[in-house]
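Some notes on the structure that comes next.
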Amino acid sequence: NRVRTLAPYSKIQHIDVQQSVLERFYSLSRLVLYTAGTRGADVILPGIPIEYAEQLRDSLKDITAQESL
């Protein structure tokens with residue numbers, strides 16, 4: 001199955017980079033976006049290299065901070 005989810009910047013409340021033991025072994029991670037709302041409140045991007053996930057988290061944090069002004 002393929003699911004395409006769109007989460008507006010204004011709805012993003014919290015961003016995490018998570019790693020399981022196996023993901024850590026391969027230097028991979030999951031970027032998790034927590035959004036406002038009840039249905040599908042989490043957006044999970046799996047299999048991202050840890051360095052890229054952290055850069056993406058920081059970029060999204062900056063964008064969402066600007067959106068809230």
Side-chain angles (χ1 to χ4, degrees):
N1 293 337
R2 183 177 291 182
V3 177
R4 294 178 187 232
T5 303
L6 176 64
Y9 291 125
S10 62
K11 298 293 183 187
I12 296 174
Q13 295 181 334
H14 184 114
I15 306 167
D16 280 339
V17 175
Q18 300 177 351
Q19 283 184 302
S20 68
V21 174
L22 188 59
E23 288 169 326
R24 223 172 323 192
F25 181 76
Y26 290 106
S27 297
L28 296 175
S29 64
R30 285 170 278 149
L31 187 70
V32 182
L33 308 172
Y34 298 94
T35 60
T38 55
R39 189 183 78 85
D42 298 344
V43 177
I44 302 172
L45 306 171
I48 301 174
I50 185 69
E51 298 84 11
Y52 183 67
E54 290 172 345
Q55 289 174 356
L56 190 54
R57 177 198 58 204
D58 294 342
S59 296
L60 287 170
K61 180 187 69 163
D62 293 341
I63 291 169
T64 55
Q66 290 174 4
E67 288 278 324
S68 66
L69 295 177

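Please read these numbers as outputs of a predicted model, since none were measured by experiment.
The nearest pair of heavy atoms linking A36 to Q13 is CB-NE2, 3.5 Å. The nearest pair of heavy atoms linking Y34 to D42 is CD2-OD1, 3.0 Å.
With sequence neighbours left out, the side chain to side chain contact (heavy atoms under 4.5 Å, CB included) criterion links L22 to S20, Y26. Every salt bridge (Lys or Arg N to Asp or Glu O under 4.0 Å) that R30 has, sequence neighbours left out, goes to E23.
Sorted by first and then second residue, the salt bridge (Lys or Arg N to Asp or Glu O under 4.0 Å) pairs involving residues 6-19 (not counting sequence neighbours) form an empty list.
L6 belongs to no hydrophobic cluster, as no Ile, Leu, Val, Met, Phe, Trp or Tyr side chain comes under 4.5 Å of its own. In the hydrophobic clustering, where aliphatic and aromatic side chains (Ile, Leu, Val, Met, Phe, Trp, Tyr) are joined below 4.5 Å either directly or transitively, V3 stands alone.
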Could you pull out all donor-acceptor pairs under 3.5 Å where a side-chain atom in residues 50-61 meets a protein atom, sequence neighbours excluded?
residue, atom, partner, partner atom, Å
S59, OG, Q55, O, 3.1

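The cluster map of Ile, Leu, Val, Met, Phe, Trp and Tyr, joined by side-chain heavy atoms under 4.5 Å apart, puts L45 and L28 in different clusters. Tracing side-chain contacts under 4.5 Å through hydrophobic residues (I, L, V, M, F, W, Y), one reaches I63 starting from L31; they form part of the same cluster.
Rounding to the nearest 0.5 angstrom, the gap separating the NE2 atom in H14 from the OG1 atom in T35 is 12.0 Å. D62 CG to Y9 OH: the interatomic distance, rounded to the nearest 0.5 Å, is 11.5 Å.
A donor-acceptor pair under 3.5 Å links the side-chain atoms of S29 to the main chain of I48, judged by distance alone.
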